[in-house]
Amino acid sequence: MNKNTLRKRSALLLAALLTTTAALSGCGGGKSAGNVATGSGNTGNSGGSDEQVTITHYTIDSEDRTFIEKLIPDFEKEHPNIKVKVEKAPYEQFDSKLQTLIAGGKSPDVTSHYGYGGFAEYYNKDMLLDLTDLITEDGFKAEDYHIPDNLMKIYTVNNHTYGIPVNMYVTLMLYNKDMFDAAKLSYPPSDYEDKSWTFEKMVEEAKKMTVVSDDIAKTQYGVDFTWAERDMRPLYFGAEPYSEDTWTNGGVPSETYFDSPEVISAYQKLFDLVFKDKVSPTSEWSKSVAGQNGDPFVAGKIGMSIGGSWNLAGANDFPFKIGVAAVPWGGNDKVRSTLYVDPLLILKGSKHPKEAFEWIKFLMTTEVQEKSIELSGGNPPVNTEAAEAYYKHFDGIDPADVKKVYEGAVKYGYESYNHLITNYSQINDMFINELQPVETGHKTLEEVMPVIQNKVTEIIKR
Amino acid sequence: MSIVKAASTRVPSSRSHRRKADPVKIASFTALLVTTFLMLLPLFFMVSTSLKSKREMLKFPPTFLPESWAWSNYTEIFDKLQFGTLYKNSLIIGVLTVIGTLLSSALVAYGFARYRGRGNQLWFILLLSTMMLPYPAIMIPQFVLFSKMQWIDTFLPLVVPAFFGSAYNIFLLRQFFSTLPEELFDAGRIDGCGELRMWRTIALPLSAPALATVAIFAFIYSWNDLLTPVLYLSSSDKFTLPVGMASLTSSRFRIPPWHLLMVASVLAMVPIVTLFAIAQKQFVEGIVLTGIK
């Protein structure tokens with residue numbers, strides 16, 4: 001081989017390598033979604049002009065979210081210069097599509113943290129538009145839309161508002177009336193002030209309904225206590241796993257206490273339901289009975305189920321009679337329910353924030369919030385006036401009970417960690433994985449919790 | 001059981017090859033039968049669930065056959081999902097992807113198999129190394145590119161890349177083209193064929209089995225692909241089948257309508273099964289090919 005061809009060959013190799021690196025650096029080039037969004041933001045547009053603008057509302061592609069499409073004609077009639085387009089993605093792909101849209105310079109205007117990522121994640125990635133100026137300029141007042149003040153505070157960081165609450169899910173207890181009747185038990189109270197309704201009382205009642213049999217079809221359990229995300233559960237018994245400053249520090253806790261004796265004993269009480277009192281199903285049993293639905297309560301195998309109020313939405317289809325009750329008192333005087341408040345957010349990449357805000361205000365009005373309950377098939381509104389219509393939405397359940405349970409939940413409620421702590425999707429995944437051996441009875445909490453403590457600390461630092 | 005017993009008692013007395021194989025044959029046949037049954041079970045439940053009512057779908061223990069046959073599920077899916085539109089879109093994209101993949105990959109593979117140029121090996125390794133790139137790594141740059149080309153919310157980003165070949169299929173076809181005897185092409189050359197004509201009239205017809213395999217792969221990939229259509233399509237009337245089906249289980253707050261999802265799955269299987277049935281004939285015919293000389 002002569003020198004010439006050798007040189008040619010190495011030049012070719014070099015060229016090829018360069019091309020590959022150039023192609024690769026397109027993605028590794030370190031432009032985070034947030035940075036791009038900041039760059040393309042153009043907030044100078046005035047909302048009052050007659051210029052025709054189109055805003056995009058990005059949401060989950062499911063009936064309980066895309067119903068907003070049906071509200072658009074009314075809105076466009078009121079605001080002839082604003083067109084609304086709905087962009088959607090399935091739940092699993094929600095985050096990746098949003099990141100891609102923003103990085104690709106096609107940022108939607110309005111969205112919510114509907115995917116795995118929570119508010120804190122969006123906030124820390126600098127994806128959100130500070131709504132404070134818009135709110136002052138517009139004269140927007142939460143009370144005009146019947147939004148309780150404490151809910152407005154959830155998405156306010158250092159006196160800057162980043163989101164307007166739109167839907168509020170709470171934690172409540174659903175019970176299978178048929179199973180209570182069969183065990184000749186009286187129904188649990190819906191009043192949060194009824195002090196006799198405690199965790200211990202719940203376990204007593206659950207024992208009377210639990211039947212463990214070799215015949216899997218006959219087996220049933222008294223209670224399924226899936227209260228909130230796994231990292232949040234100790235709070236129910238009064239043990240705080242994250243330091244106080246989490247809430248003032250943009251969702252970044254300076255300390256966590258997952259290996260403290262209080263937190264471990266709180267978890268122990270919950271696992272005792274399964275392994276000591278045997279009134280709750282193991283996770284394997286739940287999976288085998290409920291299949292992919294993941295909820296054996298729906299299959300009629302559980303007496304009481306503590307979970308999100310979204311479980312109510314399917315209530316009209318359940319093959320048994322159900323009721324709603326207060327979450328029993330577990331030792332914490334303040335916290336007995338988790339609030340899952342979904343806000344509407346404007347992204348920094350929005351080219352028409354004023355028009356986007358008009359759309360958000362429209363969605364918050366009592367009339368539209370009432371309409372949304374029907375259209376979505378039972379989404380709970382934050383608008384307290386529209387909430388009256390929500391309480392009446394469920395067949396066979398006394399509206400007075402739903403109302404009591406909701407009002408008690410708000411009084412004793414605590415905003416869900418998943419919206420407020422940074423890198424939450426990673427924390428949550430880690431919890432699910434690490435607690436798995438405890439849930440199946442292969443490891444003890446004493447073994448697992450120090451590991452979790454280390455991993456949480458690592459994730460928060462990222 | 002008596003057959004097995006009879007066969008096994010006979011074995012020691014006989015030394016003949018055939019007899020010795022008998023219990024093994026029976027055992028393997030039984031094993032096959034059991035495996036087949038196990039493999040078909042999920043398929044059976046898919047069809048059975050697709051015919052259950054919403055209430056029955058929630059029941060535990062699950063019923064083996066539907067108590068009342070809810071044939072209406074098969075019409076309900078068309079109201080609920082614009083199933084016809086989704087199906088049509090998926091078919092259009094799938095067929096175009098197959099055409100694109102076959103044309104481009106076969107042409108490139110032919111080049112790699114029949115030419116001995118400088119740097120041949122290097123380019124081939126470079127091509128194969130693109131297989132190492134996971135899709136999420138190129139997702140955003142590709143989106144920016146197609147977005148600049150104004151291709152968002154069209155089928156183009158889903159179809160056009162197929163016309164530029166894919167490493168795996170090129171590799172597969174190159175290996176096949178390499179096995180074709182050189183004499184055939186010499187004969188072609190003597191008859192005055194150009195390279196393109198030899199590709200078309202000699203290489204392609206003889207490679208039906210390999211092409212059929214590539215076609216099936218390409219179609220299945222496109223038919224099942226979820227992420228790319230989710231990224232590039234934004235109007236509901238352009239969505240594909242997987243996007244529509246994913247939306248059925250998208251609600252965090254509702255029990256997914258598994259019965260309808262199973263209806264969709266049963267109907268989604270039809271093109272794949274049909275394609276496989278057609279292509280299988282090609283597989284068998286391809287065997288004849290080895291007898292050339």
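Proteins get letters first, then strands, A, B, ... in listed order; numbering begins at 1 in each.
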Above 12 or not: heavy atoms from other molecules or residues under 6.0 Å from CZ of B:F37? no
Nearest 0.5 Å, what's the OH-OG distance between A:Y91 and B:S247? 15.5 Å
Pairing donors with acceptors under 3.5 angstrom, does anything connect the side chains of A:D61 and B:S250? no
Which bit of B:F146 comes within less than 4.5 Å of chain A, counting heavy atoms only: side chain, backbone, both or neither? neither
Flag side-chain contact, heavy atom, 4.5 Å: A:F318 against B:R55: no
Could you measure the distance from the CG atom of B:L227 to the OG1 atom of A:T100? Nearest 0.5 Å is fine. 7.5 Å
Heavy-atom proximity to chain B below 4.5 Å, by part of A:L101: both
Validation row: B:R254, A:S62 side chains within 4.5 angstrom (heavy atoms): no
With only heavy atoms counted, which part of B:K80 is less than 4.5 Å from chain A, the side chain, the backbone, both or neither? side chain
Over all heavy atoms of both residues, which pair between A:E87 and B:L233 is shortest? Give the atoms and the distance, please. OE2-O, 4.3 Å
Under 4.5 Å to a heavy atom of chain B? For A:S376 that would be backbone
Just by distance, do the side chain of A:K97 and the backbone of B:V230 share a donor-acceptor pair under 3.5 Å? yes
Would you find more than 12 non-hydrogen atoms of other residues, nucleotides or ligands less than 6.0 Å from B:F164 atom CZ? no
A quick test of your reading: do over 12 heavy atoms of other residues, nucleotides or ligands sit less than 6.0 Å from OH of B:Y168? no
Tell me the closest heavy-atom pair linking B:F253 and A:R65, and the distance in Å. CE1-NH2, 2.9 Å
Using side-chain heavy atoms (C-beta onward) and a distance below 4.5 Å, is A:S96 in contact with B:M139? yes
How long is the span from the OH atom in A:Y340 to the CZ atom in B:R252, to the nearest 0.5 Å? 10.0 Å
Enclosure of B:F124 CZ (heavy-atom neighbours >12, cutoff 6.0 Å): yes
With a 4.5 angstrom heavy-atom cut-off, could you sort out which part of A:F94 is near chain B: side chain, backbone, both or neither? neither
If you round to the nearest 0.5 Å, how far is CG of B:L226 from CD of A:E92? 9.5 Å
Roughly how far, to the nearest 0.5 Å, is the CD atom of A:Q93 from the OG1 atom of B:T228? 10.0 Å
Are there over 12 heavy-atom neighbours, none belonging to B:K238, within less than 6.0 Å of that residue's NZ? yes
Say you draw a straight line from OG of B:S251 to CD of A:E63; how long is it, rounded to the nearest 0.5 Å? 8.5 Å
Is there a donor in the side chain of A:K88 and an acceptor in the side chain of B:S234, or the other way round, less than 3.5 Å apart? no
